[in-house]
Amino acid sequence: MEKDILLIHVPQCYRAEQEKLELHVGIMPMGFYSIASQLAKAGFKPEILHVAVEVFLGDKIPIAEYVRKTGCKLVGMSLHWYQQSFDTLMVAELIKKSNPDVFVFLGGYTASVYTEEILAKYPFVDAVVKGEGEVPCNSLAEQIISNSSCDLSQVPNLYWRNEEGQIVKNEKTWVANTEELNSFDFADGVKYLKHSDTCLNVPIVLELNKTKAYLDKVKTFVVCSNRGCAGNCAWCGGGLRASKIITGRECVTIREPKIVAEEILQLYKRNQAECFYFCNDPLPMTQENIIGTMDILGEKAGGQVKIDYECFALPTEKFLQSFKKNLHQDSRVILSPDYASQEKRRECKTFTYTNKELLNSIAKMEEMGIKSQVYFGIMPDDDEAERNERERLKAEIEKISPETGVLVQKIIGIDPLSLWQLEPEKYGITQNLRSFADYYEASKNGRI
């Protein structure tokens, strides 16, 4: 059981109804896998834990007690999605209270936005890695675990408190370049995921009651094909502008298609994953990178690999041909027009398209026998005109392609550093989410 470092994911947990829990943000950040793999290559003994699986479905050992039993010296916790804010800090406090000698640090998008506020308000958090984490986590492990004379100034991207309680920002920074990103092995990282069979079946929203957990039927792995996004959609904090502020990344860095394909094939052949989800589309207007990956998968796996691919724009003709030829027949193309209104979509979405273009694309996929799914959001500025247009589009889609799944989801929260947060009045936003304290309280009450 002995481990050097634990990487812990805590979903947002609240009681939806009596006798029933809902755990939101059930899928772990993909960076955990590359970080764990890099730590292992450096000679450390990492383990990735999903708190919901550990507490409700796995060994059912309190997480603070498990930390003590492993004898680890370092605990890294993901605070990527703002919905996790309250629960992640609650678990961090429990771990630190029971294990005062363990070094507890946070990382991820939300922690990176509010680094100094978190360190100022939560003394049980020893440090925050702001930005990308593979090199900083290895360097931090070297200082905490291997170096008797710990020098945190050697850890890039790190913020911490000195002996006088002052917050120190390391001027050393790091962001992965193309060569480094290609060298990371995300598939290898799955080996360090405790209860991987269960963890990869956890959906984005996991419902639990006294007798049953509503897990997905297939094990799904979120694929890292790149870092960064060329867009700046109004609701998203992951765009190019925000990424530059948080991590210093000034461009989209794309992993080689053959490397991405090899990772997928490793997990598929080891039966560690059955479906591969691409949540980022780095070249929406050409999609050359994913086409290259699909061509390799078709050549080496003969149409057996299942992919769910989220297109940021509409799929190109070349993409659809490769998709149909090379992938499992149950693979899906996912489209998120978000707004039904073309005008609002044009205002808020970087890679936009008209409703006629959307319907033509769905018709093309229906003709080719490609499964598709369409998401609309109920946005904060939702009005009667938007609702009417959404219903019209849903009816048109059902007429063109009866098997296409059309989902409508209410958008409640607001990403830190998104245009919605920075210019709320312009987009009809009434929520006042400015500081980390605002997100912490909202996530505590289940309002985001």
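Atoms considered below: every heavy atom in the structure, side chains included; atoms not considered: hydrogens, waters and symmetry mates.
With contacts defined as side-chain heavy-atom distances shorter than 4.5 Å, the pair Asp415/Gln421 does not qualify. Considering only heavy atoms from C-beta on, Ile370 comes within 4.5 Å of Phe323 through its side chain. Residues Tyr309 and Asp281 have side chains in contact (heavy-atom distance under 4.5 Å, counting atoms from C-beta outward). Looking only at side-chain heavy atoms (C-beta outward), Ile290 and Ser225 stay at 4.5 Å or farther from each other.
Looking at every heavy atom in both residues, Ala301 comes nearest to Leu265 through CB-CD2, 3.8 Å. Residue Leu358 comes nearest to Phe376 through the heavy atom pair CD2-CZ, 4.5 Å, listed as atom of the first residue, atom of the second, then distance.
Side chains of Glu310 and Tyr277: a donor on one and an acceptor on the other come within 3.5 Å. In this model, no donor atom of one side chain and acceptor atom of the other lie less than 3.5 Å apart for Tyr33 and Glu263. Gln373 and Asp308 share no donor-acceptor pair across their side chains, judged by distance under 3.5 Å alone.
Using a 30° and 60° split on the angle between ring planes, His9 and Phe32 fall in the perpendicular class, above 60°. The aromatic rings of Phe103 and Phe105 sit tilted relative to each other, their planes meeting at an angle between 30° and 60°.
Put simply, CZ on Arg345 and SG on Cys233 are 11.5 Å apart, with the number rounded to the nearest 0.5 Å.
A salt bridge links Lys20 with Glu207: the closest approach of a Lys/Arg side-chain nitrogen to an acidic carboxylate oxygen falls below 4.0 angstrom. Taking the charged nitrogens against the carboxylate oxygens, Glu288 and Lys318 do have a contact shorter than 4.0 Å, which makes a salt bridge.
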